[in-house]
Structure formats: C-alpha cells, structure tokens
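Proteins get letters first, then strands, A, B, ... in listed order; numbering begins at 1 in each. Please read all numbers here as calculations on a predicted model, not as lab measurements. Computed from heavy atoms alone, side chains included, the values below leave out hydrogens, waters and symmetry copies.
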Amino acid sequence: MLGKSQVCLHSRRLNWRPHQNCPGTTSEQAGKSSSCAGCPNQKICASGATKAPDPAIAEIGEKLSTVKHKILVLSGKGGVGKSTFSAHLAHTLASDSTKEVALLDVDICGPSIPRIMGLEGEQVHQSGSGWSPVYVDDNLAVMSIGFLLSSPDDAVIWRGPKKNGMIKQFLRDVDWGDLDYLIVDTPPGTSDEHLSIVQYLSSTHVDGAVIITTPQEVSLQDVRKEIRFCQKVKLPIIGVVENMSGFVCPSCKNTSQIFPPTSGGAERMCADLDLPLLGKVPLDPRIARSCDEGKSFINEVPDSPAAKVYQSIVQSIQDYCSNRVTEEQSTS
Amino acid sequence: MEANNDGSMSQVRHVVLVLSGKGGVGKSTITTELALALRHAGKKIGILDVDLCGPSIPRMLSIGRPDVHQCDSGWVPVYTDAAKTLALMSIGFLLEDPDEAVVWRGPKKTAMIGQFVSDVAWGELDVLLVDTPPGTSDEHLAVLENLKKHSRVDGAILVTTPQAVSTGDVRREITFCKKTGIRILGIVENMSGFVCPHCSECSNIFSKGGGEELAKLTGSIFLGAVPLDPLLSTSIEEGKDFIQSFPDSATFSAISSISQTLLESLQTA
C-alpha cells in the first residue's frame, strides 16, 4: 500500500523485523552482527551495557531461600483483573492461619494493591533487618511502591532502569521472613518489570505463573504473547484464569456476554496451547465494590458464584504447589 | 534511514494523546471509536499505536498484517481504505508471528517510538491520535519527547472506568500531564454502566461516578461517559465500524458527542 505519493515514486518493503536473527542482548555478537543493522537497540547492545550479571541475583536467592512457594500473576493485557486476583489469592491462602503469606506489587506506575487490600495511606518502616512490609493480618504481608508515595496524586515517572532498581530492592531489602507463599502481582506487558522479576528470581525456584485473561480476542492476543514470554524465560505456567466471564443480570437473571469470547475464549486458547484452564470467574459488581473498599470479596460474599470459582482456583494452585514439592522430594 | 524530520509531521494539524495510567479501561477502543467518529465527520485521521507489548489497534480496524513500505519521505503508514482517510502505524505490522512477544526493556522501546514519530510519513492529517499503553514510563516519555521535536502536542484525553481503583491510577497520569506540560483536553469515563438487553435494568458493574468525581477533583473537563455495550465489544473484536453499524445506539451518541467536543476544543485552542 502506498501513502500520499508526492515523492513516493519508489517504495520498498521495510525489511527489518523485531526478532529476526537477533543474537541476543547478552551474546558476544550483541549489536555487532549483520542482523543488528536497523535495530533500535543496536548502539546499546554494542556498548556492552547489556552483558554483565547482577550480583543482587545471588543475594536475592539467599534472602528468599526461606520462601517455600513463589507465584507470579501475569497477563499481557491490562485491566483483566491481575491485582484483583492476586489480592484474593493472598487473602484465601492466608485464611489458613498456619500459613505465612506475602503479596508483592511490582506495578511501579499503577500500584493498585494498597487500595485493594485496604492499606491506603500506610507507610513502610525500616529496621536493622530491612524494610518492613505492611501487615493486613498477622500472617499476611504486603509491599508496594504505593506505600512509598506521599500522595495519591504522586506519579512515578520512571524509565526502565529505575523501575528495575526498585524491584531489586523489593526482593533484596524487604524483611519478608519465613513465608509459605510469596505472590507477585505484575503490570501488563512483557517489559522491564517482567524481565527483572524473572531475572532477579533466577537463583530461586519459582513455582510458576498464573495467567489472567478476559474472554475476548483483544485480550487473548496479548495473553498469547505473555505465554510465549513465559516459555522463552522457562517460567512454568500453573494455569489460566478467565475473568469477567459473563454477567448474570441481578434483576432478570439472564446472562450477557459483555466481553464476548469471539474466538472461543480462554477455553479454546488453553486447548490450543495445552494449558490448564483453572476457572472462569463471572462478572459481579460486588467485586469492583470490594476492591474499591479494600475488602476481600470472598469474605464479603462467600456464597456468590464468583467467590466459589475463586476458591476452587486457589485450591488448584495450592495442589499444584504441593505436588511440585512432592515431586522434588521423590526425585532427590 | 535518513528522513526529512520536518516533513513527517509538518502537515499534521493536531496531535492528541490518549492516556490512562490504568490498563484495560478502553484506551484503544476509545482511540479507535474517536478516529472513526472524526472520520465520519469528514476529517483525515491518523493513529499512532505506541503500545509495543500489546498493540490492539490493527485488529480493531480489521487491518491484519500488511507489509510496511518505505519511501523517500519515510515509512508509509497503513491505510484502512483506498481514500486514505484513516492511517495507522503499529508495531503489530512489524511482527512476523502475531503471538510473538516483544520483550524489550525501556531503551529499546524508546528508540522504536522515536522511529515511529520521526520516520513515518503521515502526510496531511487533521488529527493524529496517539494510543498509549498504561503507565507513566518509557513509552510515554519517549512519545512526548519525540512529538515535541516535530510538532506541538495539542493535549491528552484521559480514559478511566468509574471505579476508584481506576481513577486512582488516572490521578497519577494527570500529574504526569501537568509535570510534562500536556494540556488535559478532558476525561472520558468508559464502561459506565451496563443496560441489560433483556430487561433494561442498569447494573454498575465497575462502580459509578468515578469519572465525574475525578474531573471535579482535578479541575478537568468531563467529556462524557460511554456505557458497557456488548455490541461495541463485538464490533471491536471483529474490526467492524461501530459508528456505521449502530448509529442509533446510546453508545454512538456518547462517542459522537465526545468527538464533537474534542474537535471544538482543538479548533479553538
């Protein structure tokens, strides 16, 4: 297709593509190979800035050796309910008072977790053993950049490297203590935050990722990219949760597909990619309300269809984590 | 490649960013619908999609993955029609495999966006809408810095849903606009209530009133509220022109009114 052709007598196909034959940002050939020509990152790679390993990785491995299970909550698509899910996963796991649970929010620009957990306005304290997370209950701790901001209008206008530094501090400097579960809520995308969390956790064992989506193809097309990202960085996928899966009108009880699964929804995607579908959570206005009020929807309305699905999903995740431990024990 | 830097944006009359701070509120949907509404009003529109990790616009306009061509004045944007009334540039066009993730850190994203702004030969446009990912980070800084080099930025539309969890992030985006000198053209509240097609009962699935409250709190103009409409979601999914398909719907009126107000504020600025 030609654009406005005042001078476009000779147009040629743009041949550069984001991934073709990329030698890898940490390889010897980074920035120097012939396929690097035209890549926006060429100069940075050629300068050697991308190669050196970070000593913090080993420190974090040491620090988190007392965390039994680590679960990442990812999507690729924004607004599908990652933070909502992370919060409710944390609340449900912590409902067993014998378990120590923590929720780490690495969405640096849009930290929703403090509000959803009812912790707005809380501040982080520092002690000799590091930063103290904020406790919702005795066995449920939370950390978010939201606690480091002094006003709800404060914007965190940071480029990648600064966001990475913050994530490193969250993992290395927070005094998490002994934990049964560390849940990490992430922003949408496949960028600095995601690469950093995977890199910084690379000398620990991460149980896996829970992928959140909504039924429409507009979401699934981003979620497939996130799944590829997980495969690329060898992060196991525990399963997929389909949120906003239908709405039952409280008045007439008819169901509407507000976010229509035009390409078969998460069910079809999971079948195509051979991934477990952990559950389909229906839309319920009380979920948004609970989040806004900082309450646990599962505690507020435990008998609702959505709460029941959440509970069953959490059970599947717990089973997955215990099975992993059993497998490890039997192979060692 | 060498491009005439002054040429790429010199015939673009107005540049409007579509921002949020919060993900999934409908930035790409609102960008697409505003573009279609403005086109119906006889304007020549361009969309620059700088969401590199999750480029949604090509699908919403049913464009697929055509080749991108280069000519002497730069990269040629992809047109939705032979009359060239709606032009688009997105990283979606540069991906061989649509499921391939663009796993880039900030500096690479910044460089790509720099190219999108300086190397695309937009030609003559009434309005260039810039769709952004959620957040206040590399993409936002990159697009702003590069746009300011080539053109002025008329302002930004901020999209939110009614809930506090959403307006909480949008407040931070408003701070971003103030700090970077972007004029706030107004706030759009999306997913503003759902009218059951069976019984007409309205359910506030994502709470109520947050958009207007936010506008009041921050001294911004409230441009309007767009309801949750499965017909709109389906049009977007299928890449159909909602404006043409459902001209009698409440959703169409809301979008139309927002686009009119937007045009008026661009023309009087």
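In terms of non-hydrogen atom pairs under 4.5 Å with chain A, the most contact-rich of B:His198, B:Glu238, B:Met60 is B:His198. Ranked by non-hydrogen atom pairs under 4.5 Å with chain A, the options B:Ser166, B:Pro107, B:Pro197, B:Gly21 are led by B:Pro107. Residue with the most contacts toward chain A among B:Thr161, B:Thr234, B:Ile236, B:Leu141: B:Leu141 (heavy-atom pairs, distance under 4.5 Å). When A:Ser196, A:Ser219, A:Pro161 are compared by the number of non-hydrogen pairs under 4.5 Å with chain B, A:Ser196 comes out ahead. With chain B as the partner, the residue from A:Ser263, A:Pro111, A:Gly81 showing the most heavy-atom pairs under 4.5 Å is A:Pro111. Considering only heavy-atom pairs separated by less than 4.5 Å from chain B, the leading option among A:Pro152, A:Ser256, A:Pro187, A:Gly146 is A:Pro152.
Classification of A:Arg159 and B:Glu145 as a salt-bridged pair holds, one side-chain N sitting under 4.0 Å from a carboxylate O. Ionic pairing of A:Arg228 and B:Glu100 is present here: one or more N-O contacts between side-chain nitrogen and carboxylate oxygen are shorter than 4.0 angstrom.
At least one donor-acceptor pair closer than 3.5 Å links the side chain of B:Thr136 to the backbone N or O of A:Val156.
Within the model, atoms CD of A:Glu193 and CZ of B:Arg105 stand 9.5 Å from one another, a figure rounded to the nearest 0.5 Å. Distance check: B:Asp99 CG to A:Gln231 CD gives 10.0 Å after rounding to the nearest 0.5 Å. Atom NZ in B:Lys22 sits 12.5 Å away from atom SG in A:Cys109 (nearest 0.5 Å). The CZ atom of B:Arg171 sits 10.0 Å away from the CG atom of A:Asp154 when rounded to the nearest 0.5 Å. Separation of atoms CH2 (B:Trp104) and CG (A:Leu195) is listed at 12.5 Å; rounding is to 0.5 Å. Between the NZ atom in A:Lys163 and the OG atom in B:Ser137 there is a gap of 3.0 Å [rounded to 0.5 Å].
Between A:Ala288 and B:Gln163, the shortest heavy-atom distance links the atoms CB-NE2, 3.7 Å. Minimum interatomic distance between B:Ala101 and A:Lys232 (heavy atoms only, all atoms of both residues): O-NZ, 4.2 Å. When all heavy atoms of B:Glu237 and A:Glu217 are compared, the pair lying nearest together is OE1-N, 2.7 Å. The minimum heavy-atom distance between B:Ser233 and A:Ile258, with the atom names listed, is OG-O, 2.9 Å. Between A:Ser112 and B:Asp169, the shortest heavy-atom distance links the atoms OG-OD2, 4.0 Å.
Of the two parts of A:Ser151, only the backbone, made up of N, CA, C and O, holds a non-hydrogen atom closer than 4.5 Å to a non-hydrogen atom of chain B. In this structure, the portion of B:Lys109 lying under 4.5 Å from any heavy atom of chain A is its side chain and not its backbone. In this structure, no portion of B:Asp51 lies under 4.5 Å from any heavy atom of chain A. If you measure heavy-atom distances from A:Leu283 to chain B, the contacts under 4.5 Å come from the side chain alone. Only the side chain of A:Cys249 comes within contact range of chain B, with at least one heavy atom under 4.5 Å from a heavy atom of that chain. Looking at A:Asp107, neither its backbone nor its side chain comes within 4.5 Å of chain B, counting heavy atoms on both sides. For A:Pro188, the part lying near chain B is the side chain, with the backbone staying farther off; criterion is any non-hydrogen pair under 4.5 Å. Heavy atoms closer than 4.5 Å to chain A are found nowhere in B:Val25, neither backbone nor side chain. At a 4.5 Å heavy-atom cutoff, the contact between B:Asp138 and chain A is made by backbone and side-chain atoms alike. Of the two parts of A:Ile116, only the side chain, counted from C-beta on, holds a non-hydrogen atom closer than 4.5 Å to a non-hydrogen atom of chain B. In this structure, chain A has no heavy atom under 4.5 Å from any part of B:Lys208. Neither the backbone nor the side chain of A:Ile227 comes within contact range of chain B; no heavy atom of the residue lies under 4.5 Å from a heavy atom of that chain. For a residue to count as touching a neighbouring chain, one of its non-hydrogen atoms must lie under 4.5 Å from one of that chain's; by this rule B:Pro162 does not touch chain A. In this structure, chain A has no heavy atom under 4.5 Å from any part of B:Ser28.
Within the 4.5 Å cutoff, the side chain of B:Phe206 has no heavy atoms near those of the A:Arg289 side chain. Taking the side chain as every heavy atom from C-beta outward, A:Leu149 and B:Arg172 approach each other to under 4.5 Å. Side-chain contact check for B:Cys53 versus A:Asp222: every heavy-atom pair is 4.5 Å or farther apart. You'll find the side chain of B:Ser203 reaches within 4.5 Å of the side chain of A:Pro250, heavy atoms only.
Relative orientation of the A:Phe247 and B:Phe194 rings is perpendicular, given thresholds of 30° and 60° on the angle between their planes.
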Exercise for review: Report the C-alpha separation of A:Asp153 and B:Thr175 in whole Å, then their side-chain angles, then the decisive distance to 0.1 Å, and conclude whether the side-chain hydrogen bond (donor to acceptor under 3.5 Å, both in side chains) test is met.
Suggested key: CA-CA 6 Å; A:Asp153 293 310; B:Thr175 304; 4.8 Å; no

